[in-house]
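Below you'll find the structure, written out as structure tokens, and then a few comments.
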Amino acid sequence: MTDTLTKTAAANAPINDTRKAELLSKQVKHIDIKSFDARPIVDAMSDMSFTSRDLGRATKIYNQMLADKDCTVCLVIAGSTSAGGCMDLYAELVRNNMVDCIVATGATIVDMDFFEGLGHKHFQALEIPDDDTLRSLYIDRIYDTYIDEEALQNVDHTIFEIAESLEPKAYSSRAFIREMGKYLVEHGKKENSLVKLAYEHDVPIFCPAFVDSSAGFGLVKHQVDRAKEGKPYLMIDAVADFRELTQIKIEAGTTGLLMIGGGVPKNFIQDTVVCAEILGHDDVAVHKYAVQITVADVRDGACSSSTLQEAASWGKVNTGIEQMVFAEAGSVMPLLASDAYHRGHWKDRAVRGWAKLFA
């Protein structure tokens with residue numbers, strides 16, 4: 001009982017601004033894949049064994065996707081690599097026509113990228129005190145990375161403002177995220193925002209669990225406030241997400257997957273093949289290329305750890321051109337992306353502009 005009272009008192013105590021400033025003093029710097037040429041080290045790692053060789057083959061497959069003029073490249077992101085320093089990396093993939101479609105978690109798109117698009121930052125944890133202390137300072141922790149909770153609440157309220165400005169109807173997450181990109185074009189404070197660049201380059205972003213993020217808080221407030229006033233409100237249509245993403249798969253034909261992490265985004269993009277078949281498109285091929293970077297353990301039967309070979313049993317992925325890389329993505333994605341950027345296959349790619357399908 002005493003411990004509970006102590007925690008409650010701490011939560012209600014004034015925030016120590018000096019201590020908070022000390023903990024939020026070193027910003028995470030996002031890596032610039034253009035600033036170094038990873039081709040020599042990736043080539044050398046390809047001649048090694050273990051994870052090094054896997055990374056070399058995965059990079060080769062990604063380059064094959066970019067060189068294949070018929071291939072639509074889908075970037076799939078789960079986990080916290082955006083907060084950890086890969087945010088500008090993903091933005092450059094969009095800027096340089098190296099991805100055509102994105103499927104991600106709500107956290108990646110809203111709590112991390114849109115968050116920084118509004119001018120907020122992620123910080124390196126120089127020390128990790130008791131997490132109750134962090135809570136008393138309104139600091140949220142992602143492993144060794146900090147977020148200012150007060151800044152994150154600004155995201156909640158901004159999502160609420162966007163929702164309030166739109167026609168009250170059903171929106172796919174793609175349609176709502178496009179409105180977020182438009183907002184950043186007009187009000188954003190960061191050029192290298194994935195959400196902003198995707199809007200400008202007609203690259204659709206899907207978040208199958210969109211409200212599992214700061215977007216959820218803002219949208220709940222929008223619905224509750226409108227309901228109290230007896231007014232209609234907007235909704236997120238998850239079925240429309242699946243239908244729209246499947247439509248892209250049907251139209252695209254040849255597809256390649258570059259997957260960071262796993263979970264819902266991974267299963268969502270893979271399921272488009274099965275959905276196309278259910279809709280009567282028996283000629284839609286499985287995903288031709290697939291790369292997954294994950295640290296998930298294959299023993300527990302989870303989607304995040306299921307191998308791409310396993311996905312073939314479901315009729316989702318071609319087993320001939322796939323590679324699993326069991327590594328922390330923040331440590332290998334900079335090498336893969338820099339290699340692909342400097343090999344330059346993206347320079348000859350046609351712009352897909354799949355977002356225009358839904359204009």
Side-chain angles (χ1 to χ4, degrees), residues 32-34 59-77 82 86-104 108-109 113-114 117 172-186 188 190-207 241 243-260 265 268-269 272-273 276 281 284-285 287-291 321 333 336-359:
D32 179 4
I33 61 171
K34 305 187 304 300
T59 305
K60 181 179 179 180
I61 291 173
Y62 180 46
N63 278 301
Q64 283 180 268
M65 297 184 209
L66 296 175
D68 185 337
K69 297 187 184 304
D70 296 324
C71 182
T72 284
V73 178
C74 301
L75 175 65
V76 182
I77 314 172
S82 290
C86 289
M87 198 173 295
D88 288 357
L89 181 160
Y90 299 135
E92 287 299 334
L93 297 186
V94 171
R95 187 194 302 279
N96 294 291
N97 194 32
M98 298 170 73
V99 297
D100 308 300
C101 175
I102 298 168
V103 183
T108 294
I109 297 304
D113 185 87
F114 189 69
S172 64
S173 68
R174 175 209 56 80
F176 193 88
I177 293 166
R178 185 167 175 79
E179 294 295 334
M180 291 165 57
K182 181 179 179 182
Y183 182 92
L184 290 180
V185 168
E186 298 170 356
K190 180 181 179 182
E191 183 62 28
N192 254 14
S193 161
L194 183 67
V195 173
K196 173 180 175 290
L197 288 167
Y199 170 80
E200 293 176 327
H201 291 262
D202 288 315
V203 173
I205 300 177
F206 295 88
C207 288
D241 275 339
R243 172 173 49 79
E244 290 179 356
L245 190 58
T246 300
Q247 186 178 351
I248 290 175
K249 172 57 183 168
I250 292 168
E251 298 283 344
T254 302
T255 46
L257 309 180
L258 175 60
M259 299 185 287
I260 294 88
F268 202 63
I269 186 64
T272 57
V273 179
H281 297 272
V284 171
H287 297 294
K288 182 176 180 179
Y289 309 94
V291 167
I321 317 175
M333 268 303 294
L336 181 148
S338 173
D339 178 285
Y341 174 81
H342 286 92
R343 291 196 195 274
H345 295 300
W346 52 272
K347 296 177 182 178
D348 299 320
R349 294 188 77 234
V351 175
R352 266 69 180 178
W354 286 122
K356 293 178 181 176
L357 269 180
F358 315 106

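Between Cys71 and Arg352, the shortest heavy-atom contact is O-NH2, 3.0 Å. In this structure, Met65 and Leu257 approach most closely via the heavy-atom pair CE-O, 3.3 Å. Nearest heavy-atom pair across Met333 and Leu258 is CE-CD2, 4.3 Å. When all heavy atoms of Cys207 and Ser173 are compared, the pair lying nearest together is N-OG, 2.9 Å. When all heavy atoms of Ala340 and Leu66 are compared, the closest pair comes out as CB-CD1, 4.0 Å. Minimum heavy-atom separation, Ala276 to Thr246: N-CG2, 3.7 Å.
When side chains are defined from C-beta on, Asn97 does not count as touching Val203, because their heavy atoms never get closer than 4.5 Å. When side chains are defined from C-beta on, Leu197 counts as touching Asn192, because their heavy atoms get closer than 4.5 Å. For the pair Ile102/Leu93, no side-chain contact is recorded, criterion being any heavy-atom separation below 4.5 Å from C-beta on. For the pair Lys69/Asp348, a side-chain contact is recorded, criterion being any heavy-atom separation below 4.5 Å from C-beta on. Using a 4.5 Å heavy-atom cutoff, the side chains of Asp241 and Phe268 are in contact. Counting heavy atoms from C-beta on, the side chains of Ile109 and Val195 come closer than 4.5 Å. By the 4.5 Å heavy-atom criterion applied to side chains, Ile33 and Tyr90 are not counted as neighbours. Residues Phe176 and Ile205 fail the side-chain proximity criterion, which asks for heavy atoms closer than 4.5 Å.
A distance of 4.0 Å separates CD1 of Ile269 from CG of Leu245, quoted to the nearest 0.5 Å. Here the CD-OG1 distance, from Gln64 to Thr59, works out to 11.5 Å after rounding to the nearest 0.5 Å. Note: Leu357 CG to Glu244 CD = 9.0 Å, rounded to the nearest 0.5 Å. In this structure, Ile248 CD1 and Cys101 SG are separated by 4.5 Å, a value rounded to the nearest 0.5 Å. With values rounded to the nearest 0.5 angstrom, His345 atom NE2 is found 9.5 Å from Met98 atom CE. The NZ atom of Lys182 sits 5.5 Å away from the OH atom of Tyr199 when rounded to the nearest 0.5 Å.
At distances below 3.5 Å, not a single donor-acceptor pair connects side-chain atoms of Lys190 with backbone N or O atoms of Phe114. Listed for the Trp346 side chain is a donor-acceptor partner under 3.5 Å among the backbone atoms of Tyr341.
A 6.0 Å sphere centred on NZ of Lys34 holds more than 12 heavy atoms belonging to other residues, nucleotides or ligands.
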Discussion item. Could you walk me through whether Lys288 and Asp68 satisfy the salt bridge (Lys or Arg N to Asp or Glu O under 4.0 Å) test, starting with their C-alpha distance in whole Å, then the side-chain angles of each, then the deciding distance to 0.1 Å, before giving a yes or no?
Written reply: CA-CA 11 Å; Lys288 182 176 180 179; Asp68 185 337; 3.5 Å; yes
Practice prompt. Before giving the answer on salt bridge (Lys or Arg N to Asp or Glu O under 4.0 Å), spell out for Lys196 and Glu191 the whole-Å C-alpha distance, their side-chain angles and the decisive distance to 0.1 Å.
Written response: CA-CA 8 Å; Lys196 173 180 175 290; Glu191 183 62 28; 3.2 Å; yes
Practice prompt. Take Val94 and Val99, measure what side-chain contact (heavy atoms from CB on, under 4.5 Å) needs, and give me the verdict at the end.
Written response: CA-CA 6 Å; Val94 171; Val99 297; 3.7 Å; yes
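Paired with Asp100 under the rule salt bridge (charged side-chain N to carboxylate O under 4.0 Å, His left out), one option of Arg349, Lys356, Lys249 passes, and it is Arg349.
A salt bridge links Arg178 to Asp202: one of the charged nitrogens lies within less than 4.0 Å of a carboxylate oxygen.
Ser82 and Asp113 share no side-chain donor-acceptor pair at under 3.5 Å. Using modelled atom types, one finds no donor on one side chain facing an acceptor on the other under 3.5 Å when comparing Asp339 with Tyr62.
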